[in-house]
2 protein chains.
Amino acid sequence: MLNYSVAAQLETISLEWLAERLKVLAEPNRLRIFSLLMDGVRCNCELSEALAMPPNLISHHLSKLRSVGLVDAERDKSDPRWIYYSINRAALEALNAAFGSFFAPDRIQPRWLTVGHNTRSAAPSRRA
Amino acid sequence: MLNYSVAAQLETISLEWLAERLKVLAEPNRLRIFSLLMDGVRCNCELSEALAMPPNLISHHLSKLRSVGLVDAERDKSDPRWIYYSINRAALEALNAAFGSFFAPDRIQPRWLTVGHNTRSAAPSRRA
DNA sequence: TATACAATTCAACGTATGTTGAACTATTCG
DNA sequence: CGAATAGTTCAACATACGTTGAATTGTATA
């Protein structure tokens with residue numbers, strides 16, 4: 001099949017795509033920041049106070065969240081010193097879709113399902 | 001409120017719980033192993049061959065997946081050298097539930113929703 | 001103009017982690 | 001018994017990463 005390698009490559013891409021986002025989210029403090037942002041747009045100083053973390057650390061974690069598009073930033077128009085951070089809903093929905101499709105329990109297959117269906121058995125050949 | 005700190009602690013626990021699992025999953029090779037296990041129970045040697053990775057590395061990643069209960073192991077009764085690995089469906093379902101509830105797009109709140117609802121405004125006080 | 005404030009950037013540190021290669025255990029097969 | 005097989009464990013390495021403290025940028029305020 002000609003499309004096989006393409007499909008395989010696409011799956012590889014989406015797998016890397018998913019891993020990259022999970023890596024960004026797989027950190028307790030970033031999860032806390034993310035959760036506060038879910039409750040509403042926040043600035044660095046608010047997050048810093050709420051989580052008792054220095055502003056530069058908040059800034060570091062926010063940049064990671066922004067690097068994968070999950071968080072947006074917008075300067076205050078009346079006072080440009082302030083930057084408001086928010087969850088990018090489209091990015092979050094895309095992540096949910098990818099996660100749900102990759103980790104869907106219905107994907108789990110019993111071992112011996114395809115025995116005899118193919119020249120290559122579902123069980124490993126016990127001899128070389 | 002008396003239950004507040006308890007609820008906060010519970011949320012902290014589940015947040016750490018979620019972060020721990022995401023950390024285990026946030027690795028491309030572990031995602032590949034997990035995906036193959038979704039297709040059916042596999043032994044180390046099968047995974048090793050399919051992913052072109054040394055058996056000790058597969059073993060290392062499998063132990064990480066097992067450490068959070070997402071993967072089970074079972075020895076072959078007729079030949080104890082073989083160990084069959086499989087996805088723990090209950091653990092996967094629990095993870096899906098936690099992920100879906102934490103990252104549900106409907107949780108996203110607009111910034112100014114609770115203005116005037118509390119003594120503490122949704123906006124940070126611009127002065128000390 | 002000098003001070004205060006929001007936020008980022010930079011350098012440095014210790015720790016965690018994926019990968020590699022070799023050694024080791026346990027069981028089956030010739 | 002000796003060789004082969006499946007799998008783990010151990011030591012070592014380079015890299016990635018979260019945290020800290022200080023310096024820097026840009027804007028508002030007294």
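This one's a predicted model, so the numbers in the text were calculated from it and none came from an experiment. Numbered from 1 within each chain, the chains take letters A, B, ... in sequence-line order.
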Task: Salt bridge flag under 4.0 Å for residues B:Arg32 and A:Glu16 - done: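 Yes.
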Open item on the list: Regarding B:Asp106 and A:Arg89, does a basic nitrogen lie under 4.0 Å from an acidic carboxylate oxygen?
Closed with: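 The answer is yes: the pair qualifies as a salt bridge.
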Task: Base-paired stems in DNA chain D, each at least three Watson-Crick or G-U pairs under 3.5 Å - done: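 As far as DNA chain D goes, consecutive pairing (with distances under 3.5 Å) yields the stems C:1-30 with D:1-30.
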In whole angstrom, give the distance that lies between atom [atom1] of [X] and atom [atom2] of [N].
X	N	atom1	atom2	result
B:Leu65	C:dG18	CG	C1'	14 Å
A:Arg75	C:dA6	CZ	C1'	9 Å
A:Asp79	D:dT29	CG	P	6 Å
B:Leu62	D:dA6	CG	P	15 Å
B:Ile58	D:dT8	CD1	C1'	13 Å
A:Tyr84	C:dA6	OH	P	11 Å
B:Lys23	D:dC17	NZ	P	10 Å
B:Glu27	C:dT17	CD	P	11 Å

Output yes when a side-chain donor or acceptor of [X] lies under 3.5 Å from a complementary backbone atom of [Y], and no otherwise.
X	Y	result
A:Arg107	A:Phe102	yes
B:Ser67	B:Lys64	yes
A:Arg30	A:Val24	yes

TODO: Please figure out whether B:Ile83 or A:His61 has its closest DNA chain D nucleotide nearer the 5' end.
DONE: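 Counting from the 5' end, the first nearest nucleotide belongs to B:Ile83.
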Open item on the list: Let me spell it out: for each of A:Pro54 and B:Tyr85, pick the nucleotide of DNA chain D with the closest heavy atom. Which residue's pick is nearer the 5' end?
Closed with: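 Looking at DNA chain D, the more 5' nearest nucleotide goes with B:Tyr85.
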Does a side-chain N or O from [X] land closer than 4.0 Å to OP1 or OP2 of [N], or not?
X	N	answer
B:Lys64	C:dG18	yes
A:Arg30	D:dG18	yes
B:Asn29	C:dT19	yes
B:Asn44	D:dT8	yes

Side chain of [X] only, please: which of [options] is the nearest?
X	options	result
B:Trp82	C:dT8, D:dA6, D:dT9	D:dA6
B:Arg81	C:dT20, D:dG7, D:dA4	D:dA4
B:His60	C:dC5, D:dT8, C:dG18	C:dG18
B:Leu57	C:dT19, D:dT8, C:dT27	C:dT19

TODO: Report yes if some heavy atom in the side chain of B:Ile87 is under 4.5 Å from a heavy atom in the side chain of B:Leu92; otherwise report no.
DONE: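 Yes. Closest side-chain heavy atoms under 4.5 Å.
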Task: Residues in ring pair (Phe, Tyr, Trp, His ring centres under 6.0 Å) contact with A:Phe34, at least two apart in sequence or another chain - done: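 Partners of A:Phe34 by the ring pair (Phe, Tyr, Trp, His ring centres under 6.0 Å) criterion, ordered by chain and then number, come out as B:Phe103.
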Open item on the list: Please classify the nucleic acid contact of A:Pro80 as base, sugar-phosphate, or nothing, using heavy-atom distances under 4.0 Å.
Closed with: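 Sugar-phosphate: the residue A:Pro80, judged by heavy atoms under 4.0 Å, touches backbone atoms but no base.
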Task: Axial cation check for B:Tyr84 ring with B:Arg42, 6.0 Å and 45° limits - done: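 Checked: cation-pi criterion not met.
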